[in-house]
Amino acid sequence: MNDQLGSWKRTHYCGDLKAGNIGEQVCLMGWVQRRRDHGGLIFIDLRDRTGIVQLALDPDRDPEAHAKADQVRSEWVVAAIGRVSPRPEGMVNPKLKTGEVEIEVSELRILNQAETPPFMLDEYTDVAENLRLKYRYLDLRRPAVQECLIMRHKVTRTVRSYLDENGFLDIETPVLTKSTPEGARDYLVPSRVNQGTFYALPQSPQIFKQLLMVSGFDRYAQIVKCFRDEDLRADRQPEFTQIDCEMSFVDRDDVIAMMEGMIARVFREALGVEVKLPMARMTYAEALDRFGVDNPDLRFGLELVDLTDIVRECDFKVFADVAAGGGLVKAINVKGGATFSRKDLDDLTGFVGIYGAKGLAWVKINADGWQSPIAKFFKDEELKAIEQALGAETGDLLLFVADKASIANEALGRLRQHLGHKLGMAKKDDYRFVWITDFPLLEWDEEEKRHVAVHHPFTAPMDEDIPLLDSDPGKARAKAYDLVLNGSEIGGGSIRIHDQAIQAKMFELLGIGEEEARAKFGFLLDALKYGAPPHGGIAFGLDRLTMLLAGTDSIRDVIAFPKTQKATCLLSEAPSPVDEKQLRELGIRLSSRARKGD
RNA sequence: GGGGCUGUAGUAGAGUCGGUUACAACGCCGGCCUGUCACGCCGGAGGUCGCGGGUUCGAGUCCCGUCAGCCCCGCCA
């Protein structure tokens, strides 16, 4: 039989008690982390979200409370009244924040019992993630997991106050909205009132925040859920949260400066880390050239070197053919990498294969020259030129990828990130920010045989590239920018098109016909006719940002109730079938395949 | 859609070459213990080896399929 809370009022949190509280009468409430029964004395580690404090129950001092403590088990919910006392000589526990004190309990109430949990809620037990997710409410009791969500709270709190201080208005946008072409697959919601039609959940509030600028709100911001029905990754969930901002009468540098200030403030208040401003910047072209990717990790070197011109005339047919065919031959120098085993090199070859590279050439620089399957194809002056370009010294390992530009860059760029981490060159508490700018506006989609927007269809071209929209649209650059931290894109945005004619031109370039543009985006095109101010903005991935601040490798760690890789919730068992009646109301009939659960 | 890793008491693991009754740890239950703090000591219970099929005299172990979780490619403006 449980005790009632009665008139008891909690006076302190467990983790807050220290030597300064000695002598005070306190009332504590929480969960039993552990009970240690010495036959006579019983110790209970009482836990709440602030930490743990030790309750001491002495049978001589209070037999009734001691008898109750005898029944108590792990994860039972108890309340205790007692006196904060210093621990006896030599009994201080330095591992505990509250280790200098303990509570001499005079009265104990069992508020609720608990079944033995399916896994131990201590810091020592490693539990399979599917079990953690099924019992997420128990998993969330663990301090390490709570820490991540507390970090998330600190981020949102800081962001909200910064944006408020800078005149941003928090305005909600619809969750039931209109499906748009371009971009990710939409989550659809059937309409009961208008059978046969569907709302879409927003991939982002993009168009609505632009409309708010047209309305004259000047600065908008929202911490908002977004939905994309695409496959999951360690850093991707189907519903995720953006810090979404938009500003009027600004250009790129204004947005960047405002947002740098916000990120610096977040790092100061959430981590105590000072970020040096202004942050570094790099063009997209430079990032690709030096690092092979548009999200470079700048904590280490290992930069890509373009050898295409050096090997153009060489006898190694693979390199020469790629160079002649307009591809790239690039390499990185792994300092001291000559110790890599044959298996290491095979693994690295497999690694670049994932990104489509057909091979990975390697050279070990030994004291007596090149050790390499391809050494024999190169003349002395070519060897020298390659060594010089890469700054090669004895003991180094040179790794080459030759392929069309997109594959050579990505494969070697990913290899660089991989090796940087594997070789311990990326320190966790080293935060290297860089803005990537001057993205291309469009890229050619081979499958669909048309241009698609690199950022999104509302991104403004650079002023000087506007004429290119007619002559050579593939060459036009965008007023777009991404913020990259240690190899992760944490945010991205752009200056938007505020001119109706340019927006219409953009749709045309994307192969969206006038009629389709009208049907899908007519309300935006109309709005742009009624005095849209120049405007632009950005959105940060709150989950990814929090991951980096919390130092975890999985986005699930910073989401209270995350979904599995198959986009299911192991706790609630969503998604699930619905009643036939619900479907009838919506005018929906399932295919026989769907009914069978194929 | 594709590639890879994992799946054995409640938990996390060991289980060799296919061979007797599937191990020890933590947790759980009972007993002892008045200064522990991942307390200690003694005893006990606890198994659909993910699931289905196959090979074999014999399968946790080998083969095929399947399910689930994770990592990755594609996908994610």
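Heavy-atom basis, side chains included; hydrogens, waters and symmetry copies ignored. Every chain is numbered from 1, with letters handed out A, B, ... down the list of sequences.
- Residue pairs meeting the ring-ring contact (aromatic ring centres under 6.0 Å, His included) criterion with at least one member in residues 60-79 of chain A, sequence neighbours excluded, do not occur.
- Every residue was checked against the salt bridge (charged side-chain N to carboxylate O under 4.0 Å, His left out) condition with A/Asp294, not counting sequence neighbours, and none meets it.
- Rounded to a whole Å, the CD atom of A/Gln417 is 13 Å from the P atom of B/C72.
- Taking the P atom of each, B/C49 and B/U11 are spaced 14 Å apart, rounded to whole Å.
- Spacing between atom CG of A/Leu138 and atom C1' of B/G10 amounts to 13 Å, rounded to whole angstrom units.
- Among the protein residues, A/Leu232 comes within range of no part of the nucleic acid, since none of its heavy atoms lies under 4.0 Å from any strand.
- Within the 3.5 Å criterion, the main-chain N or O of A/Arg185 finds a donor-acceptor partner in the side chain of A/Glu230.
- Residue A/Arg414 is in sugar-phosphate contact alone, with no base atom involved, counting any heavy-atom pair closer than 4.0 Å across all strands shown.
- The aromatic rings of A/Tyr135 and A/Tyr137 sit perpendicular to each other, their planes meeting at more than 60°, with 30° as the lower class boundary.
- Here A/Tyr355 lies in heavy-atom contact (under 4.0 Å) with sugar-phosphate atoms only.
- In this structure, A/Thr568 contributes its side chain and A/Thr564 its backbone to no donor-acceptor pair below 3.5 Å.
- Nucleotide B/U56 is matched to nothing when pairs are restricted to Watson-Crick or G-U wobble geometry with both distances under 3.5 angstrom.
- Pairing for B/U66 goes to B/G50, judged as Watson-Crick or G-U wobble with the two contacts each under 3.5 Å.
- Salt bridge status for A/Arg36 with A/Asp45: present, with a side-chain N to carboxylate O gap under 4.0 Å.
- Only the P atoms considered, B/U6 is 15 Å distant from B/U61, to the nearest whole Å.
- The distance from atom CZ of A/Phe351 to atom P of B/C72 is 11 Å, rounded to the nearest whole Å.
- Note on ring orientation: taking the six-membered ring where Trp is involved, the planes of A/Phe521 and A/Phe507 are parallel (angle under 30°, cut-offs 30° and 60°).
- Using a 4.0 Å cut-off between charged nitrogen and carboxylate oxygen, A/Asp465 and A/Arg477 count as a salt-bridge pair.
- Taking 4.0 Å as the cut-off between side-chain N and carboxylate O, A/Asp438 and A/Arg252 count as a salt-bridged pair.
- Rounded to whole Å, the distance from CG on A/Asp231 to P on B/C72 is 12 Å.
- Under 4.0 Å is where a charged nitrogen must lie from a carboxylate oxygen, and between A/Arg47 and A/Glu75 at least one such pair does.
- Straight-line distance from the CD atom of A/Glu443 to the C1' atom of B/C76: 12 Å, rounded to whole Å.
- Contact of A/Arg236 with B/C76 (side chain to base): a donor-acceptor pair of N or O atoms is detected under 3.5 Å.
- Straight-line distance between the P atoms of B/C23 and B/C37: roughly 32 Å, to the nearest whole Å.
- The base-pairing partner of B/G74, taking Watson-Crick or G-U wobble contacts with both distances under 3.5 Å, does not exist among the strands shown.
- The same atom, P, is picked in B/A59 and in B/G18; the two are 14 Å apart, to the nearest Å.
- Across the C1' atoms, B/C39 and B/A45 are found 23 Å apart, a figure rounded to whole Å.
- Comparing B/A38 with B/C26, their P atoms sit 15 Å apart, to the nearest whole Å.
- The interatomic distance linking A/Asp70 (CG) with B/G31 (C1') rounds to 12 Å, in whole Å.
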Tabulated below should be each protein N or O lying under 3.5 Å from an N or O of nucleotides 66-69 of chain B; please produce it.
residue : atom : partner  : partner atom : Å
B/A68   : OP1  : A/Lys566 : NZ           : 3.0
B/A68   : OP2  : A/Lys566 : NZ           : 3.3
B/G69   : OP1  : A/Thr564 : OG1          : 3.3
B/G69   : OP1  : A/Thr568 : OG1          : 3.4

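- For the side chain to side chain donor-acceptor pair (under 3.5 Å) test, residues two or more places apart in sequence or in another chain that qualify with A/Asp543 are A/Arg152.
- Under a 4.0 Å N-O distance rule, the pair A/Arg518/A/Glu514 does not qualify as a salt bridge.
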Protein-nucleic acid N or O pairs under 3.5 Å, nucleotides 28-30 of chain B:
residue : atom : partner : partner atom : Å
B/C29   : OP1  : A/Arg73 : NE           : 3.2

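- B/U20: no Watson-Crick or G-U partner with both key distances under 3.5 Å is found in any strand.
- Looking at heavy-atom distances under 4.0 Å, A/Pro457 makes contact with a base.
- Counting heavy-atom neighbours within 6.0 Å of A/Glu64 CD, excluding the residue itself, gives a total of 12 or less.
- Base pairing of B/U34: no nucleotide in any strand meets the Watson-Crick or G-U wobble criterion (both distances under 3.5 Å).
- Separation of the C1' atoms belonging to B/A24 and B/A14 is 8 Å when rounded to the nearest angstrom.
- A distance of about 32 Å separates the P atoms of B/C70 and B/A25, rounded to the whole Å.
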Task: Base versus backbone protein contacts along nucleotides 35-40 of chain B [heavy-atom cut-off under 4.0 Å; B, S, -] - done: BBBBB-

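- Whole-Å rounding puts the A/Asp62 CG to B/U34 P distance at 18 Å.
- Remark: B/G43 base-pairs with B/C29. Criterion, Watson-Crick or G-U wobble with two distances under 3.5 Å.
- Using a 4.0 Å heavy-atom criterion, one finds that A/Val127 contacts the sugar-phosphate atoms exclusively.
- As rounded to whole Å, 10 Å separates atom P of B/A12 from atom CZ of A/Arg142.
- Within 4.0 Å of A/Thr459, counting heavy atoms only, lies no atom of the nucleic acid at all.
- A salt bridge links A/Asp139 with A/Arg136: the closest approach of a Lys/Arg side-chain nitrogen to an acidic carboxylate oxygen falls below 4.0 angstrom.
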